Amino acid sequence: MRTYALVIVDINSEQVDRRFTYAVPAGMDLAVGERVTVPFGPRRLPGVVMELTQETDVPAEKLRPILARVDDEPVVLPELMDLARWLAAEYRCTMAAALRCILPAQVRANLKPLTRLAVRLTAAQEDALARCKRSERQRELIARLAESPEGVRLADLAPAGAAAARALEKKGLAEIFPQSVRRRPYEDLPDEGAQVRLSPGQENAARRICAALDGEPQAFLLHGVTGSGKTEVYIRAVREALLRGKGAILLVPEIALTPQMVSWFRARFGDVAAVLHSALSQGEKYDEWRRIRQGEARVVIGARSAVFAPVESLGLLIVDEEHEGTYRSGTHPCYDAREVARVRCRLQGATLVLGSATPSVETYARTLRGHNVLLEMRERVAGRPLPAVEIVDMRKELIAGNRSMFSRALRDAIEETLLAGQQVVLFHNRRGHSSFVKCRACGYTVHCPHCDVTMTYHSSDETLKCHYCGAVLPPPKTCPACGSPFIRRFGVGTQQVEEKFREEFPAARVLRMDNDTTRGKDDLVRMLTTFRRGEAQVLIGTQMVAKGHDFPGVTLVGVIMADMSLNLPDYRSEEKTFQLLTQVEGRAGRGEKPGRVVVQSYEPEHYAIAMAATQDYRAFYEAEITRRRRRLYPPYAVLSRLLVTGRQESDVRAEAELLEMEIDAWFRRDAARRRQMIQVRAMEAPLSRIRDEYRHQVFVKLYAAGSAGALEYLADLARARKTPGLRVELEIDPPSFL
């Protein structure tokens, strides 16, 4: 009986978002989840087998046969196939787009394993030696090959040794063959992190999580103060999962945290730990994915996309620093890795652990409603105290005549710390030298020619750069608008902090860590290793320095401008401020010596700043949830927008206004729908132009309860919009409304 394959062709288009039936040629042994090459019109395209059947409604003579198998085994596990179906339905994307999340680009591009020529014996050592009595080099090589039955790379042999290898091959005593070479990320990274004795809080958390591995899978929120040892709990839980024959995935929010995690996990689990994130080379990603798929690596450490890693028998999935916005994808499909993790755990019967010192308000609210089991660790490991925090009112500094970016308290603390031979972290969440360039005569500000944002001055190469599209301009010497020479740089970035610091503390060894200094493949690892070894005394950086790092030598943390994130046009600005400050304060005092933090602020009385100083998360949560309830923000409401983009501003505006009228009319046609709506309004997006594309939005605010039907309507409306030259995308509670 003939077999037929239902295939999703790798085209991300709604017009072909369905399964196509192909005949399976006789003798071709296929499985669901395999990639195949199929004829599609005049083209040959890759696809994934979704189902095999012996029945079809299409006449057999009209079916075209599958051309070839791409792989020797299924590349999409059955549970990941189910996850792809959920992803396509939940985020309203094509099945091809969902499968592209599951299958990395390197796999879809059919990268091949890296090989190097090697030589190995094909005859017994005694026989080979007997036939090579007159060549000492050949005899030496035979002895070496006998000790390495897997082969010796030709590149590792001297020229004379390579010649001897070729001579042995001619005699039929050895063979030269292509040997696979695995590209290993962070190969030179030291394995760190000795096993430690757990505190009572850690012991309780680890015991509860490990018990779930044997019973009914659960979802946990592990809430511990900074320095309470959440990573050690993760390691113990992963070890128990491995002992039970199960795999584990650990998600981290920033690539900056990956090297440290890798060093800790390799120290405990060796080569069974794999790494997946965007900063790896193409070959490294391919090799690591293959190791995971083939079962050689049972533990995966990675950023957001590692939630799709092909780990069989998944038993544990950990989302570290779960509050971070980087878990939300910024490209379609705009998935939330935390929700994907929750669904994957449900599909595979795995235990989910969400960990954070500052959980997101939504996650904590869900936990209090019983959706997660709350595990708390209220004390730091080894009984170490939380750092002492001093909040400096910068308004008083100004009145006292101090116009420096360093308050007197921070300057004195830096001097004391450096004299004591200890380390300092300075946090300022804006890179570059100056925020913008402005004419003091007429008020003209230099904007990006392609985006509706000001350009940032970078002193390292004396350029103006756009942080959205990457445009670069030379800084003007006179005002382009009025010709005045009084054009100046305003605002402070990390480059300027570094410059001013070096002026005041010229003897200190300083590193700056931001996106501008860590662009090279190994820059980040090199910088973190240098600082952790104590080869630099001061680390200045953006939020990259604030999260998760364990620097035992840091006893002082200085926050240059704590209010910066408070002024963002975002209902989460208070939450983000509290989280950032709490996290960066937690870098101090993690070693034997107590820590100290100096927070500089122009709004020291703000509850987000004051409560971060005491790391009182519960008090902050109560204040924040009260504010959100009063103002109808999530979790009490759903904020969404239809974002319209295009090259012609008038067309973009007209489309947004038309959508507003259609949406408003849809709600008003039904009384129950009308009660669901809080607001519908078309407006220019805060960033009205990016990369020469204009942006307008239709902002839709709904009551959270019962909003599913309205969101489904909005998704269908966006998907059906086909106005030439325009794109319409639905965003639900996006990380940013810019």
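Just so it is clear, the structure is predicted and the values come from calculations on it, not from any experiment.
At a cut-off of 3.5 Å, with distance as the only test, no side-chain donor of S565 or S573 sits close to an acceptor on the other residue. Neither side chain, T358 nor Q579, offers a donor N or O lying under 3.5 Å from an acceptor on the other. Judged by distance alone, the side chains of R631 and Y571 never bring a donor and an acceptor atom under 3.5 Å apart. Side-chain atoms of Q600 and S407 form a donor-acceptor pair, as typed in the model, at a separation below 3.5 Å. Side-chain contact of Y327 with R338: a donor-acceptor pair under 3.5 Å is absent, judged by distance alone. Side-chain contact of Q583 with T226: a donor-acceptor pair under 3.5 Å is absent, judged by distance alone. For the residue pair S199 and Q202, a side-chain donor N or O sits within less than 3.5 Å of a side-chain acceptor on the partner. Counted by atom type alone, T542 and N429 present zero donor-acceptor pairs between their side chains at under 3.5 Å. S640 and E731 share no side-chain donor-acceptor pair at under 3.5 Å. Residues H323 and S356 bring a donor and an acceptor atom of their side chains to less than 3.5 Å of each other.
No donor-acceptor distance shorter than 3.5 angstrom exists from the side chain of E498 to the backbone of L511, with no hydrogens or angles considered. A donor-acceptor pair is defined here as one N or O able to donate and one able to accept, closer than 3.5 Å; no such pair exists between the side chain of K701 and the backbone of A637. Side chain of T367 to backbone of T363: a donor-acceptor contact under 3.5 angstrom is found. Judged by distance alone, with hydrogens and angles left aside, the side-chain atoms of N372 form no donor-acceptor pair with the main-chain N or O of F220 at under 3.5 Å. With hydrogens and angles ignored, the 3.5 Å screen pairs no side-chain donor or acceptor of T529 with any backbone N or O of R526. Without hydrogens or angle criteria, R587 side chain to H549 main chain gives a donor-acceptor distance under 3.5 Å.
Nearest heavy atom pair, residue A546 against residue F427, reads CB-CE1, 4.3 Å. Contact record, R236 with A206: CB-CB, 4.3 Å, taken as the closest heavy-atom pair. Taking each heavy atom of E585 and A612 in turn, the nearest pair found is OE1-O, 2.6 Å. For L251 against R304, the heavy-atom pair with the smallest separation is CD2-O, 4.3 Å. In this structure, G586 and R380 approach most closely via the heavy-atom pair O-NH2, 3.1 Å. Heavy atoms only, all atoms of each residue included: A704 and V638 are closest at CA-CG2, 3.9 Å.
In this structure, Y457 OH and L473 CG are separated by 13.5 Å, a value rounded to the nearest 0.5 Å. Between the OG1 atom of T456 and the NZ atom of K465 there is a distance of 10.0 Å, given to the nearest 0.5 Å. The line from CG of N515 to CG of L524 is 10.0 Å long, rounded to the nearest 0.5 Å. Here OG1 of T577 is found 8.0 Å from CZ of F620. Values are rounded to the nearest 0.5 Å. Here the CG atom belonging to L702 is positioned 10.5 Å from the CD atom belonging to Q679, to the nearest 0.5 angstrom. Put simply, CG on D393 and CD1 on I399 are 8.0 Å apart, with the number rounded to the nearest 0.5 Å.
Annotation: side chain of L352 is in contact with side chain of V319 (closest heavy-atom distance under 4.5 Å). Two residues are said to be in side-chain contact when any heavy atoms from C-beta on lie closer than 4.5 Å; V598 and V392 meet this criterion. Within the 4.5 Å cutoff, the side chain of V446 has heavy atoms near those of the P476 side chain. The closest side-chain heavy-atom distance from F578 to I609 is not below 4.5 Å. Residues V599 and E390 have side chains not in contact (no heavy-atom distance under 4.5 Å, counting atoms from C-beta outward). Side-chain atoms of V492 and H428, non-hydrogen and from C-beta on, do get closer than 4.5 Å to each other. Contact check for V559 versus V584: side-chain heavy atoms found under the 4.5 Å cut-off. Side chains of V472 and L464 form no contact here, defined as non-hydrogen atoms less than 4.5 Å apart.
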>> I'd like to know whether Q495 forms a side chain to side chain contact (heavy atoms under 4.5 Å, CB included) with H458, so could you lay out the CA-CA distance, the side-chain angles of the two residues, the decisive distance to 0.1 Å, and finally the verdict.
In response: CA-CA 7 Å; Q495 281 187 2; H458 288 249; 3.6 Å; yes
>> Under the criterion side chain to side chain contact (heavy atoms under 4.5 Å, CB included), I'd like the reasoning laid out for L632 against I678: C-alpha separation, chi angles, the key distance, then a yes or no.
In response: CA-CA 9 Å; L632 286 178; I678 301 172; 3.9 Å; yes
> V700 and R641: side chain to side chain contact (heavy atoms under 4.5 Å, CB included), yes or no, with the steps?
Replying inline: CA-CA 6 Å; V700 184; R641 69 173 178 179; over 6 Å; no
>> If you apply the rule side-chain hydrogen bond (donor to acceptor under 3.5 Å, both in side chains), what do you find for T445 with K438, and how did you get there?
In response: CA-CA 4 Å; T445 304; K438 191 180 190 72; 3.1 Å; yes
>> For R342 and L354: C-alpha separation, side-chain torsions, deciding distance, then whether side chain to side chain contact (heavy atoms under 4.5 Å, CB included) applies.
In response: CA-CA 10 Å; R342 189 179 296 277; L354 306 171; 3.7 Å; yes
>> Quick one, R596 with E416, criterion salt bridge (Lys or Arg N to Asp or Glu O under 4.0 Å). Give me CA distance, side-chain angles, the key distance, then yes/no.
In response: CA-CA 11 Å; R596 177 182 178 187; E416 294 171 11; 3.4 Å; yes
> Taking it one step at a time, do E624 and Y607 satisfy side-chain hydrogen bond (donor to acceptor under 3.5 Å, both in side chains)?
Replying inline: CA-CA 9 Å; E624 180 66 8; Y607 70 92; 2.6 Å; yes
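Ion pairing between a basic and an acidic side chain is recognised when a charged N comes within 4.0 Å of a carboxylate O; D514 and R512 show such pairing. Under the 4.0 Å criterion applied to side-chain N and carboxylate O atoms, E504 and K500 are not assigned as salt-bridge partners. Ionic pairing of E397 and R408 is present here: one or more N-O contacts between side-chain nitrogen and carboxylate oxygen are shorter than 4.0 angstrom. Salt bridge present: R366 and E339 bring a charged side-chain N and a carboxylate O closer than 4.0 Å. We find that K576 and D570 are joined by a salt bridge, their nearest charged nitrogen and carboxylate oxygen being less than 4.0 Å apart. Between E574 and R627, at least one side-chain N (NZ, or NE/NH1/NH2) sits under 4.0 Å from a carboxylate O, which counts as a salt bridge. Here E415 does not pair with R411 in a salt bridge; the nearest charged N to carboxylate O distance is not below 4.0 Å. Between R628 and E575 there is a salt bridge, since a side-chain N of the basic residue sits under 4.0 Å from a carboxylate O of the acidic one. Taking the charged nitrogens against the carboxylate oxygens, E203 and R207 have no contact shorter than 4.0 Å, which rules out a salt bridge. Of the charged side-chain nitrogens involved, at least one lies within less than 4.0 Å of a carboxylate oxygen, so that R384 and E592 count as a salt-bridged pair.
Note: F531 and F551 meet the aromatic proximity criterion, with ring centroids under 6.0 Å apart. Checked against the 6.0 Å centroid criterion, the rings of Y234 and F265 do not qualify as a close aromatic pair.
At most 12 heavy atoms of other shown residues, nucleotides or ligands fall within 6.0 angstrom of atom CZ in R403. No more than 12 heavy atoms of other residues, nucleotides or ligands sit less than 6.0 Å from atom CD of E462.
Checked against Y364 for a side chain to side chain donor-acceptor pair (under 3.5 Å), the options H223, R618, R369 give a single hit: R618.
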